[in-house]
Chemist: 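Take this structure first; my questions come after.
No hydrogens, no waters, no symmetry mates; every other heavy atom, side chains included, goes into these values. Quantities reported herein were computed from a predicted structural model and do not represent experimental measurements.
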Amino acid sequence: MSQDRGKYDFYIGLVLAISSSLFIGGSFILKKKGLLRLARSGSMRAGQGGHAYLKEWLWWAGLLSMGAGEVANFAAYAFAPATLVTPLGALSVLVSAILSSYFLNEKLNLHGKIGCLLSILGSTVMVIHAPKEEEIGSLNEMAIKLADPGFLLFATAVVIASLILIFVVGPRHGQSNILVYISICSVIGALSVSCVKGLGIAIKGLFSAEPVLRNPLSWILLLSLIVCVSTQINYLNRALDIFNTSLVTPIYYVFFTTSVLTCSAILFKEWQHMATNDMIGTFSGFLTIIIGIFLLHAFKDVAFTLSNLPVSLRKDERTLNGNLSNHIYEHLNGDEESQLSDSELQLTDTLTSRRNGTLASF
């Protein structure tokens, strides 16, 4: 019975994770459209610290779409392990990249399309080999996990790194380096996922008539989640306003997934009971995703599509045929010249011998 219940929860979490990716991928496009309209109207841009986007309905539509995606994502974490839900966020990369090419006129070349495909394949491999987290059924068990020295050290490092990025690195390099604002969103996102997981357990307990509202941990997790999500939204807006959407989305995915998997491994000790093939599969899947992201980022300015491929092949074929013809022509020419020189040499020898013979007769 418990195994059937576990499979049922697994599929619920899977469906919620996929729907979450669809909503979140669409939200990037709506928010970007709103930010572009504000830029055309002359308002202070979000990348410069402005908040005029709060008056733009397209931005609010994107926020609502992201909210729906986050709610679905929140529920998915309550039913399925983080190592299953988080990699499926790659679907939002595909949705955002495709929609941005249609609605934002952001060109996605052949390398970008292959990169999206690799991201999906890598996520699939990660889901197949994902480590299983330890079962946590109550807030008391969650509190024990959160009080673990390893997690406390990790959380302290995340907070210190975030403060340095926000107050030191951001003002200097945030406008020119795409990784600054995305790193802020990603490292804080690791803590927000832990809060979501804990609140999911609290909501399950609430429906089971457990006194979760009296537990201080529930309110601590809720307040922490509000702070983390607010910070993520602020700096994600800045990244979207300054940089290309088809780059922000996949890079954010890689950084966010890395942070969440690291946090989840430290908090839930998922890697201790993994088989070797699952470890290799998980790392291979994540490496495949990183290669896909590299293709999206490194060749974004190369104007190369699938329609150019046969033309380039034909050009290569013509070049090859031309070189081959020239080579054959030169070879034949060389043979003729060598034959001609041989004939001339023989003629010269004959004339010389005749002259010598004539002189000898005298």
Side-chain angles (χ1 to χ4, degrees), residues 9-35 46 53-54 56-100 102-104 116 119-120 123-124 126-127 181-182 184-186 188-200 203 222 225-241 245-257 259-261 264 289:
D9 288 348
F10 175 86
Y11 288 117
I12 290 177
L14 182 63
V15 172
L16 288 171
I18 293 174
S19 60
S20 168
S21 297
L22 296 176
F23 279 114
I24 292 174
S27 73
F28 283 109
I29 308 305
L30 292 171
K31 291 169 79 173
K32 182 70 174 184
K33 290 282 284 185
L35 293 171
Y53 56 83
L54 296 174
E56 176 59 51
W57 71 268
L58 270 175
W59 184 87
W60 281 105
L63 183 63
L64 290 175
S65 178
M66 177 168 280
E70 292 297 341
V71 168
N73 196 50
F74 181 95
Y77 280 109
F79 286 97
T83 45
L84 169 68
V85 176
T86 305
L88 287 177
L91 290 176
S92 65
V93 176
L94 179 63
V95 172
S96 179
I98 293 174
L99 292 180
S100 63
Y102 281 100
F103 297 105
L104 298 178
C116 287
S119 298
I120 302 303
S123 296
T124 304
M126 285 191 71
V127 168
Y181 292 148
I182 291 179
I184 295 172
C185 299
S186 301
I188 293 177
L191 296 181
S192 68
V193 168
S194 302
C195 296
V196 166
K197 189 68 181 178
L199 288 173
I203 291 173
L222 180 61
L225 180 63
I226 292 172
V227 172
C228 290
V229 170
S230 301
T231 307
Q232 282 180 269
I233 289 175
N234 182 30
Y235 286 97
L236 186 58
N237 279 333
R238 296 190 183 191
L240 284 170
D241 186 49
T245 308
S246 60
L247 294 179
V248 171
T249 306
I251 295 174
Y252 175 64
Y253 167 78
V254 169
F255 278 57
F256 178 74
T257 304
S259 301
V260 170
L261 292 179
S264 186
I289 296 173

Chemist: I'd like to know if the side chain of Ser65 and the backbone of Gly62 have a donor-acceptor N/O pair within less than 3.5 Å.
Modeler: no

Chemist: Give a yes or no answer on whether the side chain of Ser264 reaches the backbone of Val260 with a donor-acceptor pair at less than 3.5 Å.
Modeler: no

Chemist: Tell me if a side-chain donor or acceptor on Ser27 pairs with a main-chain N or O of Ile24 at a distance below 3.5 Å.
Modeler: yes

Chemist: Shortest non-hydrogen contact from Ser20 to Gly69?
Modeler: OG-O, 2.7 Å

Chemist: Indicate the atoms forming the closest heavy-atom contact of Phe256 with Val193, along with that distance.
Modeler: CZ-CG2, 3.7 Å

Chemist: Going from CD1 on Ile29 to CG on Leu240, what distance comes out if it is rounded to the nearest 0.5 angstrom?
Modeler: 9.0 Å

Chemist: Are Met66 and Leu236 side-chain neighbours, meaning at least one heavy-atom pair lies under 4.5 Å?
Modeler: yes

Chemist: Nearest 0.5 Å please: distance from the NZ atom of Lys31 over to the CG atom of Asp241.
Modeler: 11.5 Å

Chemist: How close do Ala17 and Val85 get, heavy atom to heavy atom, and via which atoms?
Modeler: CB-CG1, 4.2 Å

Chemist: Between Leu99 and Gly26, what is the shortest heavy-atom contact and its length?
Modeler: CD1-CA, 4.0 Å

Chemist: Taking the side chain as C-beta and beyond, is there a heavy-atom pair between Leu63 and Ile233 under 4.5 Å?
Modeler: yes

Chemist: So, Ser230 side chain and Ile226 main chain: donor-acceptor pair closer than 3.5 Å or not?
Modeler: yes

Chemist: Check whether any side-chain heavy atom of Asn73 sits under 4.5 Å from a side-chain heavy atom of Phe23, and report yes or no.
Modeler: no

Chemist: Considering all heavy atoms of both residues, which atom of Ala76 and which atom of Gly13 are nearest to each other, and what is their separation?
Modeler: CB-O, 3.6 Å

Chemist: Mind listing the closest non-hydrogen atom pair of Ala239 and Val248 along with its distance?
Modeler: O-CG2, 3.6 Å

